[in-house]
Amino acid sequence: MKKMDPDKAGHKCGVVGIISSNNVAPELYASLRIMQHRGQNSAGIAVSSSEETIKAVRGLGLAHEVFNAENLSSLSSHSGIGHVRYPTTGDDMIENVQPLVLRSAVGDVALGHNGDIVNSGALRDRLENLGWAFFSTTDTELVLRLIVNELRDMNDPVRAIRNALKLVEGGYAFTLMIGSRVFGIRDPLGIRPLALGKIPGGYAVASESVVFDMLDGQLVRDFYPGEIIELTSEGYMSYPSPLSPEKSERASCMFEYVYFARPDSVIDGKSVFEVRRNIGRVLAREHPVEADVVIPVPDSGRTHAIGYCEVSGIPLSEGLMKNRFIERTFIMPEQGARENTVSLKLNPLRSVISGKRVVIIDDSIVRGTTMRKIVQMVRKAGATEVHVRIGCPMIVAPCYYGVDMKTRDQFIATGKTEEEVAREITADSLGYLSINGLVEALGMKSSELCLGCLTAEYPTRIPGERMRFQRSLESFQEMRSASPQIMRK
Ligand code: SF4
């Protein structure tokens with residue numbers, strides 16, 4: 001199964017971990033349903049069945065297709081982790097479904113991963129040359145094996161995790177189980193989100209804070225960059241990054257706010273809903289237009305459109321009705337088939353559109369094929385003018401941190417001006433949010449954000465790409481100079 005909209009960037013994965021005096025299986029399952037938007041290819045839950053053993057149920061498909069009353073009742077436990085997956089590295093096969101579980105001399109260890117390890121190829125080659133064998137094609141197994149390798153030498157999980165992660169670079173959020181112990185781990189720059197919450201009977205970590213709300217709990221706080229937190233039956237233990245939170249660089253993924261996360265989540269202290277509304281307001285200031293009605297592309301453009309209307313004064317209306325029962329997009333790899341899928345999913349409301357100057361609002365444009373179809377659909381429904389406003393600057397460069405935007409030639413904006421893209425999508429005008437406008441809407445400093453896919457400057461070292469923070473490079477080099485010895489298998 002592929003992503004919901006083939007013309008949008010692929011979602012990253014969602015991770016969750018819970019320790020509770022209650023049975024965690026139903027709560028882990030509910031968490032996966034809540035985070036289903038982050039990955040639709042597979043779902044899995046791993047729970048402790050004793051202090052050293054872990055039991056898992058994993059499968060391809062949506063969470064409600066993988067789990068049922070019978071297999072959930074077999075997962076009764078007080079600690080566990082869960083995962084929904086959208087594959088950005090590794091194939092779409094059962095061996096890659098997470099959480100991955102390794103039966104080892106130090107007991108069972110399970111890992112769920114959101115993000116990508118940038119140096120996984122080189123590291124995997126190095127380990128295979130040393131005789132290591134892998135059962136999956138994911139970078140997650142690489143990290144899992146490195147952690148287990150360290151655990152064999154020491155009875156200190158936090159040191160083992162730190163040692164193993166000295167070898168890897170990238171954006172990641174992990175939930176890890178060592179026997180019955182549950183850990184959350186965020187990458188040193190906080191690229192991928194991870195939050196800590198209090199829920200009835202215990203504590204949880206999750207990719208998005210909305211999980212805690214819906215489990216009748218509350219957000220405690222986001223993980224600091226590089227922080228490891230162990231959940232315990234009494235609460236939690238925090239192990240901050242050796243770089244203190246104040247000193248450490250940050251590089252939160254701007255796309256979580258623009259598109260990926262649910263609007264009812266809070267990431268690094270910012271409400272995703274409010275950020276999107278601010279984006280709409282800034283967009284209206286940057287790209288005003290004389291028009292009669294604003295219509296969002298459902299559901300991704302809704303919140304941005306609210307902000308646009310607040311500032312522009314143009315009335316907001318539904319204008320594109322979504323077929324709610326076609327969420328599971330067919331696998332249609334051909335471009336023509338993709339465009340046909342749009343008319344199955346969206347239908348224009350003639351009574352709203354006919355004879356009007358229309359502004360269409362969406363969160364982002366990646367390939368542009370869907371937007372061209374929407375513009376044509378709205379024009380055919382009688383619009384006299386069609387203007388497009390986009391709540392994200394032009395995407396021009398790949399993502400290396402877990403988002404399915406891998407090559408420059410897939411982006412409609414690569415090497416084009418705004419006017420040229422407007423012509424390609426057949427719009428009367430097109431306005432992208434500026435990078436400064438995005439930073440303003442987020443209310444953060446640009447140095448606290450990853451803007452790699454907009455600027456082609458990345459917060460970590462990527463072969464062949466420019467790096468943004470020299471200090472980060474130095475930190476990584478420092479950490480690597482103290483790299484642990486990898487054992488020959
Ligand atoms: S490159 Fe873009 S999508 Fe990838 S982590 Fe950075 S901001 Fe997010």
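No hydrogens or angles considered: a donor-acceptor pair under 3.5 Å links the side chains of R281 and N278. A side-chain N or O of S48 and one of S79 form a donor-acceptor pair less than 3.5 Å apart. Checked by atom type, the side-chain pair E286/S434 shows a donor-acceptor distance below 3.5 Å. Under 3.5 Å, the side chains of T137 and N96 contain a donor-acceptor pair of N or O atoms.
In this structure, R145 and V148 have side chains that are not in contact, with every pair of non-hydrogen atoms separated by 4.5 Å or more. Residues V106 and N155 are not in side-chain contact: their nearest non-hydrogen atoms beyond the backbone lie 4.5 Å or more apart. At a threshold of 4.5 Å between non-hydrogen side-chain atoms, the residues D156 and V158 count as touching. Looking at R162 and R159, their side chains never come closer than 4.5 Å, going by heavy atoms from C-beta outward. For the pair F134/L127, a side-chain contact is recorded, criterion being any heavy-atom separation below 4.5 Å from C-beta on. You'll find the side chain of E457 stays beyond 4.5 Å of the side chain of L451, heavy atoms only. Side-chain atoms of F183 and P157, non-hydrogen and from C-beta on, do get closer than 4.5 Å to each other. Inter-residue side-chain proximity for V15 and H83 is flagged as met; some heavy-atom pair is nearer than 4.5 Å.
E448 contributes a side-chain N or O that, together with a main-chain N or O of K445, makes up a donor-acceptor pair within less than 3.5 Å. The closest donor-acceptor contact from the side chain of Y257 to the backbone of I267 lies under 3.5 Å.
R408 has a carboxylate O that lies under 4.0 Å from a charged side-chain N of E465, or vice versa, which qualifies the two as a salt bridge. Ion pairing between E208 and R262 fails under the 4.0 Å rule for side-chain N and carboxylate O. Of the charged side-chain nitrogens involved, none lies within less than 4.0 Å of a carboxylate oxygen, so that E150 and K166 do not count as a salt-bridged pair.
The aromatic rings of F67 and Y29 lie perpendicular to each other, with more than 60° between the two planes, well past the 30° mark.
Counting heavy atoms of neighbouring residues, nucleotides and ligands inside a 6.0 Å radius, atom CD of E274 exceeds 12 of them.
Remark: D268 pairs with R186, R250 by the salt bridge (Lys or Arg N to Asp or Glu O under 4.0 Å) rule, at least two apart or across chains.
Of all heavy-atom pairs between V182 and G17, the closest is CG1-CA, 4.1 Å.
For the atom pair F411 CZ and C453 SG, the distance stands at 7.0 Å (nearest 0.5 Å).
Considering L449, L433, V396, L438 as possible partners of L454, the one that fulfils the side-chain contact (heavy atoms from CB on, under 4.5 Å) test is L438. For the side-chain contact (heavy atoms from CB on, under 4.5 Å) with Y259, the lone residue among V403, D362, V272, D363 that qualifies is D363.
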